[in-house]
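What follows is a set of notes on a single structure, which appears directly below.
Just so it is clear: chains get the letters A, B, ... in the order the sequence lines come, proteins before strands, and each one is counted from 1.
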Protein chains: 2
Amino acid sequence: MRPLNCCEIAHTEAVEDYLRVIFKLAGRGLPVTTSAVAEQVSVAPPTVSAMLKRLEASNLVARSAAHEISLTTHGERHAMGVTRRHRLVETFLVQVLGLTWDEVHTEADKLEHAISDRLEDRIDSVLGHPTHDPHGDPIPPRSGRHVEAWSVPLGGVAAGNRFRVQRVADDDSDALRYLGERGIRPGAVLEVVSREPFGGPVWVKVGARRHALGPILADVVHGEIA
Amino acid sequence: MRPLNCCEIAHTEAVEDYLRVIFKLAGRGLPVTTSAVAEQVSVAPPTVSAMLKRLEASNLVARSAAHEISLTTHGERHAMGVTRRHRLVETFLVQVLGLTWDEVHTEADKLEHAISDRLEDRIDSVLGHPTHDPHGDPIPPRSGRHVEAWSVPLGGVAAGNRFRVQRVADDDSDALRYLGERGIRPGAVLEVVSREPFGGPVWVKVGARRHALGPILADVVHGEIA
DNA sequence: TCCGAACATTAGCCTCATCTAACCCCATCT
DNA sequence: AGATGGGGTTAGATGAGGCTAATGTTCGGA
């Protein structure tokens with residue numbers, strides 16, 4: 001094996017997928033483990049082991065003694081590039097092609113690998129250089145600082161508070177559709193009416209309507225106390 | 001080997017590329033040979049041999065005794081689908097994202113594999129169901145009849161004729177840029193002033209300007225005598 | 001009639017990305 | 001202490017898609 005050099009690995013779609021997923025897990029403060037990555041990429045754990053070995057050899061990820069996975073500077077730069085394309089595409093699909101916010105994640109998963117730099121710039125410019133995608137996720141700039149900033153989950157807010165939605169996890173398209181139909185999207189302000197104990201729902205008021213959101217839903221909605 | 005069934009092959013990007021190239025060569029009336037396909041797909045001839053074997057086994061292409069390659073009904077349907085996405089994307093990139101007609105072929109080569117049916121329909125609808133792409137190539141309908149209709153090349157038109165440009169081959173982006181800068185694009189009407197012999201240029205008049213087009217250029221421009 | 005060029009195919013090898021089955025390490029519970 | 005189980009990894013296989021080098025095959029020209 002020769003000296004570590006990030007350019008020795010092909011920028012295949014698989015590599016981009018793994019990098020984006022690692023970036024996503026890390027950004028949410030979740031443990032970045034072999035099995036977590038396997039689940040997100042939808043492959044078996046040994047497949048991840050093999051890929052991580054290659055990513056490590058190409059200096060894109062680093063691993064501590066305790067199996068801890070993190071992106072190197074190089075790795076993070078690439079991951080942010082893929083994430084930027086992903087989120088720009090999502091925004092584009094909603095704003096220009098009229099798709100709904102629950103449809104775009106799957107589409108963007110494929111398109112993010114097919115967008116050239118030139119195209120990325122055109123899309124960015126047609127959209128007026130957006131800072132956030134339809135789920136409220138911040139779009140990393142082409143170069144420069146970027147923070148993922150996952151704020152408080154709705155599930156952790158006490159009753160009686162007003163809560164401004166900032167981000168909604170884009171993973172679960174059924175959840176997105178459900179929430180969207182009830183007006184729960186970035187920018188919306190909810191009133192947290194009450195919280196049932198023992199994994200029960202959170203009652204929220206959106207405008208005049210009340211909704212009971214189960215723990216799964218309450219966890220995908222993030223924001224701040226307004 | 002089991003009975004031939006078109007669905008036994010994965011619809012990978014490579015398969016789509018080969019099908020589209022075979023469709024393109026056949027549509028232009030060019031010989032569809034192993035080496036012609038190899039050149040168009042940018043791979044070595046043995047790679048094409050191997051792929052053709054698979055395509056034949058999946059009933060997507062048929063081959064005569066004399067090595068003649070043709071698409072089956074199934075193969076043609078798939079090829080037309082890929083071609084439709086390719087040309088819709090090209091049109092979209094020009095009309096919505098403001099790319100130039102010499103840039104879009106390369107981009108579409110990647111994007112054509114990443115467009116879902118849903119997305120294809122949205123693009124089609126946003127563009128108002130276009131019938132031709134920016135190079136004048138007809139966009140195959142989602143289903144139904146389609147003809148490729150490569151009419152007369154400019155190189156075969158006698159001096160003294162007026163010539164209406166219908167299609168310009170999208171392969172060579174340098175040629176496209178050169179022609180575009182001189183106003184030679186689908187819809188333009190040229191006057192064929194004179195033809196130099198021995199592979200010399202064709203002199204054409206576009207509006208008030210004259211241009212000498214070498215045999216390569218004169219061959220990529222197709223149309224009809226006006 | 002024979003020879004060489006052009007073209008297709010076979011043979012043999014490689015990488016990427018995936019799988020299942022088996023194994024190992026370590027923490028925990030009995 | 002020993003059994004149990006969860007995660008990670010190794011081993012070994014597979015299929016897609018690509019390569020080069022060698023081997024037909026066929027056809028036109030000398």
- Hey, can you tell me if A:His135 and A:Trp101 have their rings parallel, tilted or perpendicular (30° and 60° cut-offs)?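 If you compare the ring of A:His135 with that of A:Trp101, the planes turn out parallel.
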Nearest-Å distance, [atom1] ([X]) to [atom2] ([N])?
X       : N      : atom1 : atom2 : result
A:Leu55 : C:dT15 : CG    : C1'   : 15 Å
A:Leu19 : C:dA17 : CG    : C1'   : 15 Å
A:Glu13 : D:dA16 : CD    : P     : 17 Å
B:His11 : D:dA16 : NE2   : P     : 13 Å
A:Met51 : C:dA17 : CE    : P     : 4 Å
A:Glu68 : D:dG8  : CD    : P     : 12 Å
B:Tyr18 : D:dG17 : OH    : P     : 8 Å
A:Glu56 : D:dG8  : CD    : P     : 15 Å

- Output yes when at least one side-chain N/O atom of A:Arg54 is less than 4.0 Å from OP1 or OP2 of C:dA17, else no.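 True: A:Arg54 side-chain N/O within range (under 4.0 Å) of C:dA17 OP1/OP2.
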- The contact string for nucleotides 6-13 of chain C, one letter per nucleotide 5' to 3', using protein heavy atoms under 4.0 Å with B, S and - for base, sugar-phosphate only and none, comes out as -SSBB---
- Do you see a donor-acceptor pair shorter than 3.5 Å between the side chains of B:Asp133 and B:His86?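 There is no such pair (donor and acceptor under 3.5 Å, judged by atom type) between the side chains of B:Asp133 and B:His86.
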- A:Leu30 atom CG: more than 12 heavy-atom contacts under 6.0 Å: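 Check passes, neighbour count above 12.
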- Query: Base, sugar-phosphate, or nothing for B:Ala14, non-hydrogen atoms under 4.0 angstrom?
  - Reply: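 Answer is sugar-phosphate: B:Ala14 comes under 4.0 Å of backbone atoms only.
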- Item | A:Thr12 side-chain proximity, nearest of C:dC16, C:dT20, D:dG17 |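 So the nucleotide nearest the side chain must be C:dC16.
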For [X], all residues meeting salt bridge (charged side-chain N to carboxylate O under 4.0 Å, His left out), sequence neighbours excluded:
X        : value
A:Asp170 : none
B:Asp109 : B:Arg20
B:Asp102 : B:Arg177

- Inspect the contact between B:Arg118 and A:Glu107 and indicate whether a charged nitrogen and a carboxylate oxygen are less than 4.0 angstrom apart.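 No, no charged N to carboxylate O under 4.0 Å.
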- Message: Check A:Glu148 with A:Arg87, please: is the shortest side-chain N to carboxylate O separation under 4.0 Å?
- Response: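 A salt bridge is present here (some side-chain N lies under 4.0 Å from a carboxylate O).
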- Could you tell me which residues satisfy side chain to side chain donor-acceptor pair (under 3.5 Å) with B:Arg195, sequence neighbours excluded, listed by chain and number?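 Side chain to side chain donor-acceptor pair (under 3.5 Å) check on B:Arg195 returns nothing, list empty.
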- Message: For the helix from C:dT1-D:dA30 to C:dT30-D:dA1, what angle separates the axis at the start from the axis at the finish, each from five pairs, in steps of 10°?
- Response: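 The end-segment axes of the helix from C:dT1-D:dA30 to C:dT30-D:dA1 are tilted 20° relative to each other.
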